[in-house]
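Report on one structure; see the data block that follows.
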2 protein chains.
Amino acid sequence: MAKLDFSPIADTTRRAEIVALLRRAILTGQLEPGQKLNELRISEQMRVSRAPLREAMRELVQEGILTSIPYAGTFVVDVAAKDIVDAYSLNKVLDDFAIELAWPQRDQRFFDELDRRHDAVKHATRALDTTRQIETALQLHGLVYEWADNSVLLETWQRLTSRLQMYFALHQRARNEPVPAEDLHETYVALLKGKDMRAAQRHAREHIDNDFEALLAYARSLEKRASKGA
Amino acid sequence: MAKLDFSPIADTTRRAEIVALLRRAILTGQLEPGQKLNELRISEQMRVSRAPLREAMRELVQEGILTSIPYAGTFVVDVAAKDIVDAYSLNKVLDDFAIELAWPQRDQRFFDELDRRHDAVKHATRALDTTRQIETALQLHGLVYEWADNSVLLETWQRLTSRLQMYFALHQRARNEPVPAEDLHETYVALLKGKDMRAAQRHAREHIDNDFEALLAYARSLEKRASKGA
DNA sequence: TCTTGTTGGATTGTCGACAATCTGCTTGTC
DNA sequence: GACAAGCAGATTGTCGACAATCCAACAAGA
């Protein structure tokens with residue numbers, strides 16, 4: 001018999017597709033923070049009834065990218081500078097842990113996948129596709145989590161990723177400048193292939209700090225604007 | 001004007017109440033792992049239509065204590081030994097981080113609340129109310145997370161707590177033995193009041209390891225039973 | 001006997017309509 | 001003009017019914 005791995009077939013429910021559509025819209029910044037989601041309008045646009053739409057929204061509320069106030073509406077979460085600080089400081093701790101767990105598990109498949117994802121980042125960078133660049137960069141960093149073989153950790157990371165992606169997307173849209181042509185992940189990938197785990201962890205922390213500084217500045221500007229508006 | 005803090009008024013939607021009811025049933029072990037939730041039956045029992053029930057179930061799926069398979073049903077999550085190991089190893093890392101963040105924030109209110117929650121544990125222990133004992137013990141440990149002033153960390157802890165509570169409840173129900181009369185949290189509370197943060201962190205890790213050993217033994221027995229049944 | 005197709009019942013997914021609630025405006029009163 | 005009461009429109013929450021899907025039992029054929 002031929003050796004062939006079938007992957008699970010596509011999601012068949014409307015609900016799942018709606019979740020994917022909404023998530024994408026939020027994470028790419030098409031839906032802005034604080035914006036209200038009108039159920040009737042969205043359900044008509046998607047040619048779907050409100051039932052599966054509402055169920056999808058409940059999922060995204062629990063995922064942390066929507067918030068719901070009974071009888072008032074469901075909104076895209078507001079991004080405060082504090083949230084970004086919180087997410088990043090936790091991310092540092094988790095990255096440390098993930099690298100530690102994944103380290104002894106590294107194998108040829110890990111290295112191959114590392115290169116594949118790194119290539120994806122480089123490709124998106126060359127294509128000046130910022131949205132895709134953010135997505136692929138996060139997927140690159142997610143590899144150690146997938147290899148850590150800890151389902152709860154992976155799940156936690158995925159939740160965190162949603163927010164980070166949203167923050168990055170907003171940041172990029174706001175600055176609206178060309179993406180950095182140089183490749184910031186070269187060292188990260190090299191260290192993950194190397195023999196010094198501590199060095200890899202240290203680099204990850206610093207790498208995170210770099211991204212973080214730029215994002216935080218943006219977050220602060222957001223808050224200033226908000227307080228002026230109020 | 002009198003200084004008075006009003007707490008938010010009760011949840012007004014059926015959905016929220018259903019979520020609370022189901023969560024409680026799952027976390028106390030009234031609904032067993034792997035058990036299927038029949039929508040029609042539950043909605044009739046609760047005298048509620050399926051719409052809010054389904055929305056509530058979506059929330060609990062995202063919360064990680066239910067799993068859903070399209071057109072097949074929604075089930076209470078199965079507990080595998082690996083899951084418990086994963087949850088506990090992550091919990092250790094998070095506890096470390098939480099204590100570190102909360103440490104400089106400790107104030108009189110913190111110490112008062114620490115004592116209050118400790119008393120609650122002791123009370124539940126004396127009353128031989130195992131369910132309540134688990135609940136209060138987790139709330140005691142949650143205090144450092146609340147004081148850490150990191151919303152993402154707190155949220156992560158709360159998700160983790162659901163599972164831990166479920167594991168503990170199942171463990172207790174399975175063993176069905178009287179709860180330990182002695183108080184295991186005395187040292188923990190004392191160290192959190194003291195001056196040596198490292199010592200507190202170390203103790204938390206060891207404390208976790210203790211609970212973990214007992215739980216893991218139970219989890220292994222669960223798996224044995226499952227493989228026999230299959 | 002094993003495999004394959006069919007069929008009926010049960011359950012989940014989706015829909016359209018109705019009820020409950022909120023919000024902003026208008027109206028009336030002082 | 002200021003303020004409270006009440007009304008109208010819009011939106012969310014809930015309901016009951018229908019459609020799509022799955023599963024187990026059974027039948028038919030090799």
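Numbered from 1 within each chain, the chains take letters A, B, ... in sequence-line order.
- Checking D:dT11, C:dC15, C:dT14 against every side-chain atom of A:E55, the shortest atom distance belongs to C:dT14.
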Dot-bracket pairing map - DNA chain D, Watson-Crick plus G-U, both contacts under 3.5 Å, | cross-strand: ||||||||||||||||||||||||||||||
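- Atom pair B:E44:CD and C:dT12:P shows a separation of 12 Å (rounding to whole Å applied).
- Rounded to whole Å, atom C1' of C:dT23 lies 14 Å from atom CG of A:N38.
- Across D:dT11, C:dT14, C:dT12, the shortest atom-to-atom separation from the side chain of A:K36 is found for D:dT11.
- Across all strands, A:L53 comes closer than 4.0 Å to no nucleic acid atom at all (heavy-atom distances).
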Steps toward salt bridge (Lys or Arg N to Asp or Glu O under 4.0 Å) verdict (B:E155, A:R163): CA-CA 13 Å; B:E155 192 184 306; A:R163 315 244 185 133; 2.8 Å; yes
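- Taking atom CD on A:E39 and atom C1' on D:dT14, their separation rounds to 12 Å, with Å as the unit.
- Applying the 4.0 Å criterion to OP1 and OP2 of D:dC15, one finds that B:S49 has a side-chain N or O inside that range.
- Nucleic acid contact for A:R14: sugar-phosphate only, since backbone atoms but no base atoms lie under 4.0 Å from a heavy atom of the residue.
- Ring-plane geometry between B:Y145 and B:W157 is classed as parallel, the angle between the planes falling under 30 degrees on a 0 to 90 degree scale with a further cut at 60.
- When each of C:dC15, D:dA17, D:dT12 is scored by its nearest atom to the side-chain atoms of B:R50, the top-ranked nucleotide is D:dA17.
- From B:H171, atom NE2 reaches atom CG of B:L164 across 13.0 Å, with rounding to the nearest 0.5 Å.
- Between A:R54 and D:dT12, a side-chain N or O to OP1/OP2 separation shorter than 4.0 Å is absent.
- Taking atom CG on A:L40 and atom C1' on C:dA17, their separation rounds to 12 Å, with Å as the unit.
- One distance of note links CD1 of A:I26 with CD of A:Q35; it measures 9.5 Å at 0.5 Å rounding.
- Here the shortest heavy-atom pairing between B:W147 and B:R109 reads CH2-NH2, 3.6 Å.
- If you check every strand for non-hydrogen atoms under 4.0 Å, A:L37 touches sugar and phosphate atoms only.
- Atom CD1 in A:I42 sits roughly 13 Å away from atom C1' in D:dT11 (whole-Å rounding).
- Of the N and O atoms on the side chains of A:Q133 and A:T125, at least one donor lies less than 3.5 Å from an acceptor on the other residue.
- Distance from the side chain of A:Y71 is smallest to C:dT21 among D:dT14, C:dT21, C:dG13.
- For D:dG13, one of the phosphate oxygens OP1 or OP2 lies less than 4.0 angstrom from a side-chain nitrogen or oxygen of A:R58.
- A salt bridge links A:D86 to A:K82: one of the charged nitrogens lies within less than 4.0 Å of a carboxylate oxygen.
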